[in-house]
Amino acid sequence: MSNVIAFVRDSLTSLVSRMGTDRDKAATTFYAHTVMSDEQLIAAYSTAWLPRKIVDIPALDACRKWRDWQAKKPQIEAIEEEEKRLNVKGRILEAAKKGRLFGGAAVYIGTGDADPMQPLEVDRIGKGGLRYLNVMTRRQLSAGEIDRNPESEWYGQPSYYKLSGANGLQVDIHPSRLVRFTGAMPADDEITGNPWQGWGDSVLQATLDAIKNADSTAGNIASLVFEAKIDIIRVPDFMANLGNEVYRSKILERYTLANMSKGINGTLLLDKEEEYETKTAQLGGLTDILMAFMQIVSGAADIPVTRLLGQSPAGMNSTGTSDMKNYHDRIQSMQELEFSPAMRRLDECIERSADVKDPDVHYRWAPLEQMSEKERADIFKTTADAARQLVGSGMGQEIITREAISKALTNRLVEDGVLPGLDAAIEEYGTIEEQEPSEEELAAAAAANQNQPPANQRRAANDATPRTLYVRRDVINRAEIIAWAKEQGFTDIVPDLHVTITYSKQPVDWFEMGESWSPRLEISAGGPRQMEALGQSGEYYALLITANELKWRHEAMIEMGASWDWPEYQPHISIQIGGDIDLSKVTPYQGKIILGPEIFEEVREG
């Protein structure tokens, strides 16, 4: 008979080490492929805020700013109107969310074709040919046979999808008619046994453990808060008398009355032999522990804590800027590497349905990081200054032709959006090339110059001799402002309404001042406007306005040597000099202001 050695696990050892329980210390060293059921996914998404945010936030951010079409204005308007009609943005957002939740969703491109199993022929779609867009999840769309033809566009993907209807009917759909969102990239279906072949994994699949740990930690902390203060009462012979039923009932009655008296009167009545003690749990550091688990969830979901929790970063010099920049880069990558390829056929259908057949039409995803007004103004000033340097002084020293710089700068300003309505203004007033003099005008000017003496024998009115400088822009829509001024009680209105840019008593070279890029400056209605009394004795009643172009030109001239006798520059239009006006009763002019070109003159004292 062989000896049999039996190993018995002591219960106390199991209690201390937690061996054999769901908290076994070695449990985290093993990985098992578990697929969450649809019921689990729906329950997690519907009842817990962390799973919902992990699913929704990246999809929402990818669609939030949407995209900017690069085309002619009528084409852009037609495409955007078609997108609104079909609710493209809403359908893509819904499919992206459901794709991330279930691991598979698609937008069906509805063109009214009789047989959806046939490939979608984009070239046959005419104006209004795109009828509707419908969102379907992998619960309705089951993948068909996988295409194994290496010459096929659909290699490694289902060759068709089967749509199951409520009435038991099934419809086969060609993959070219679907804009697919597959959630997380799937592993090998043949190894994992993925029941949803042809689709991906839910994004909650890999983050579920981190989410559960964070939720459990938050729940335990909440439970600990309610047990933070525990009253302990020591009763003589308590355990020895518990077997007596009468004793147990008397104990319950006794301390029920004691708790009632304590709660009402703030006094606890005890027998002399009883001892009372209060123990308080230390809650310090629990927030740090919870945030550590939240950071793990943030890393698992690839979403910054500041975005996931909606709170500002804590700590000295913490801004979260770098985290959000990395996150925005990640969203941009998702847009370009996932959304754009999936939507390629849909975009072609939208263009044709909008009757736009220009091959040069394209779009760019709008950046999530939006610049402030100051940042836009700084970029505009830097870009304009760089363009001036490239053009040169206009006296035969050009590095690049003025026309080329003008076209490139216009494109840059339109794309950056720093001058709203620039493209429409160019269509109305034309470009520099369209305003250039004709060959006949150039020939006439050359003939006139032949009768002039050599440059070294004459002194032109605009030569480079340093002189004092006064630069202004006259108001073109003067009648509108005068009508407003009369309504406000002004009687002696300044005849030449204008805005002063420079008043330099210091002689300067006028040609060093350059020229403005906008011969006509329109200041939009609204914005900061204010009436003030200017001058040493407040004799000038002026309308204070704001326009970056005016400030930039003033600062540029100061940098080139022009003087300015006042502490700061505030663009304004003098309305009346002298008189008795109560400015507190004056409503500032809020309409648009149109200024003409810059006028250079010498300073006239007085």
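These numbers come from a predicted model, not from an experiment.
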Open item on the list: Are more than 12 heavy atoms, taken from residues, nucleotides or ligands other than K127, located less than 6.0 Å from that residue's NZ atom?
Closed with: no

| said: Using side-chain heavy atoms (C-beta onward) and a distance below 4.5 Å, is D115 in contact with H174? | reply: no

- Item | Residue pair D123, I125: steps toward the side chain to side chain contact (heavy atoms under 4.5 Å, CB included) verdict | CA-CA 6 Å; D123 296 340; I125 296 179; over 6 Å; no

- Message: Checking D347 against Y363 for the side-chain hydrogen bond (donor to acceptor under 3.5 Å, both in side chains) test, could you report, in this order, the C-alpha distance in whole Å, the side-chain angles of both residues, the deciding distance, and whether it holds?
- Response: CA-CA 10 Å; D347 292 336; Y363 67 85; 3.2 Å; yes

*Trace of the salt bridge (charged side-chain N to carboxylate O under 4.0 Å, His left out) decision for D215 with K212*: CA-CA 5 Å; D215 281 343; K212 286 182 176 179; over 6 Å; no

In short, R529 meets S524 closest at the heavy-atom pair NH2-O, 3.1 Å

Subject >> Under 3.5 Å donor-acceptor, T207 side chain and V203 backbone >> reply: yes

Passes salt bridge (charged side-chain N to carboxylate O under 4.0 Å, His left out), R344 versus E153? Steps please.
CA-CA 14 Å; R344 180 176 60 84; E153 176 186 357; 3.7 Å; yes

Could you check whether any side-chain heavy atom of P571 comes within less than 4.5 Å of a side-chain heavy atom of H554, counting everything from C-beta outward?
no

Minimal heavy-atom distance between V55 and K97, with the atoms involved, is CG1-O, 3.4 Å

Note to self: Please check this pair: side chain of S176 against backbone of P119, looking for a donor-acceptor N/O pair closer than 3.5 Å.
What the structure shows: no

Open item on the list: Looking at D113 and P116, would you say the former's side chain and the latter's main chain have a donor-acceptor pair under 3.5 Å?
Closed with: no

Determine whether E82 and S353 satisfy the following criterion, side-chain hydrogen bond (donor to acceptor under 3.5 Å, both in side chains), listing intermediate values before the conclusion.
CA-CA 7 Å; E82 197 70 5; S353 185; 2.5 Å; yes

- Message: When you compare the side chain of F339 with that of M334, does any pair of heavy atoms fall below 4.5 Å?
- Response: yes

Could you walk me through whether L308 and Y327 pass the side chain to side chain contact (heavy atoms under 4.5 Å, CB included) check? CA-CA 11 Å; L308 184 64; Y327 171 68; over 6 Å; no

For P58 and R330, the nearest pair of non-hydrogen atoms, with its separation, is CG-NH1, 3.9 Å

* Is D358 reaching over with its side chain to a backbone N or O of D360, donor-acceptor style, under 3.5 angstrom? -> yes

CG (D172) and CD (Q118) are apart, to the nearest 0.5 Å, by 11.0 Å

In short, A95 meets F181 closest at the heavy-atom pair CB-CD1, 3.7 Å

side-chain contact (heavy atoms from CB on, under 4.5 Å) test vs Y108 passes for just one of L163, I173, L141, L133, namely I173

d(H328 NE2, L368 CG) to nearest 0.5 Å is 5.0 Å

(Q) With a 4.5 Å cut-off on side-chain heavy atoms, are L120 and C349 touching? (A) yes

| request: Could you tell me whether the side chain of S340 and the main chain of Q335 form a donor-acceptor pair under 3.5 Å? | output: yes

I would like to know whether W66 and V88 meet side chain to side chain contact (heavy atoms under 4.5 Å, CB included); could you show each step before the answer?
CA-CA 10 Å; W66 202 229; V88 176; 3.9 Å; yes

Worksheet entry | Any donor-acceptor pair under 3.5 Å from R138 side chain to A105 backbone | no

- Thinking salt bridges, do E348 and R352 make one under a 4.0 Å N-O criterion? no

In short, P158 meets G198 closest at the heavy-atom pair CG-CA, 3.9 Å

Would you call E94-R91 a salt bridge at under 4.0 Å N-O?
yes

Rounding to 0.5 Å, atoms CG (N149) and CH2 (W154) come to a distance of 13.5 Å

Any idea how Y161 and W199 line up, ring-wise: parallel (<30°), tilted (30 to 60°), or perpendicular (>60°)?
tilted

Requested in this report: Determine, step by step, whether R307 and D323 satisfy the salt bridge (charged side-chain N to carboxylate O under 4.0 Å, His left out) criterion, reporting the C-alpha distance in whole Å, the side-chain angles of both residues, the deciding distance to 0.1 Å, and the verdict.
Outcome: CA-CA 9 Å; R307 181 70 178 93; D323 293 341; over 6 Å; no

For A71 and I76 the tightest heavy-atom approach is O-CD1, 3.3 Å

Taking C-beta and beyond as the side chain, do D38 and Q40 meet within less than 4.5 Å on heavy atoms?
-> no

When rounded to the nearest 0.5 Å, the distance separating CZ of R553 from OH of Y569 is 10.5 Å

Identify each donor-acceptor pair in which a side-chain atom of residues 286-301 lies under 3.5 Å from a protein atom, sequence neighbours left out, and give them as a table.
from	atom 1	to	atom 2	distance (Å)
S298	OG	I303	O	2.2
S298	OG	V305	N	3.3

Check: Are L178 and V107 close enough that some pair of their side-chain heavy atoms sits under 4.5 Å apart?
Finding: no

Going by heavy atoms in the side chains, are D147 and Q157 under 4.5 Å from each other? no

d(L346 CG, R177 CZ) to nearest 0.5 Å is 13.0 Å

NZ (K89) and CZ (R67) are apart, to the nearest 0.5 Å, by 10.5 Å

- Item | Side-chain heavy-atom pair E351, K357 within 4.5 angstrom cut-off | no

Problem - Residues I42, F102; criterion side chain to side chain contact (heavy atoms under 4.5 Å, CB included); working and verdict - result: CA-CA 9 Å; I42 293 174; F102 294 109; 4.0 Å; yes

* Asked: Would the number of heavy atoms belonging to other residues, nucleotides or ligands and lying under 6.0 Å from CD of E145 be above 12?
  -> no

Q) Just by distance, do the side chain of Q75 and the backbone of K72 share a donor-acceptor pair under 3.5 Å? A) yes

- Query: Is it true that atom CZ of R131 has more than 12 heavy atoms of other residues, nucleotides or ligands lying nearer than 6.0 Å?
  - Reply: no

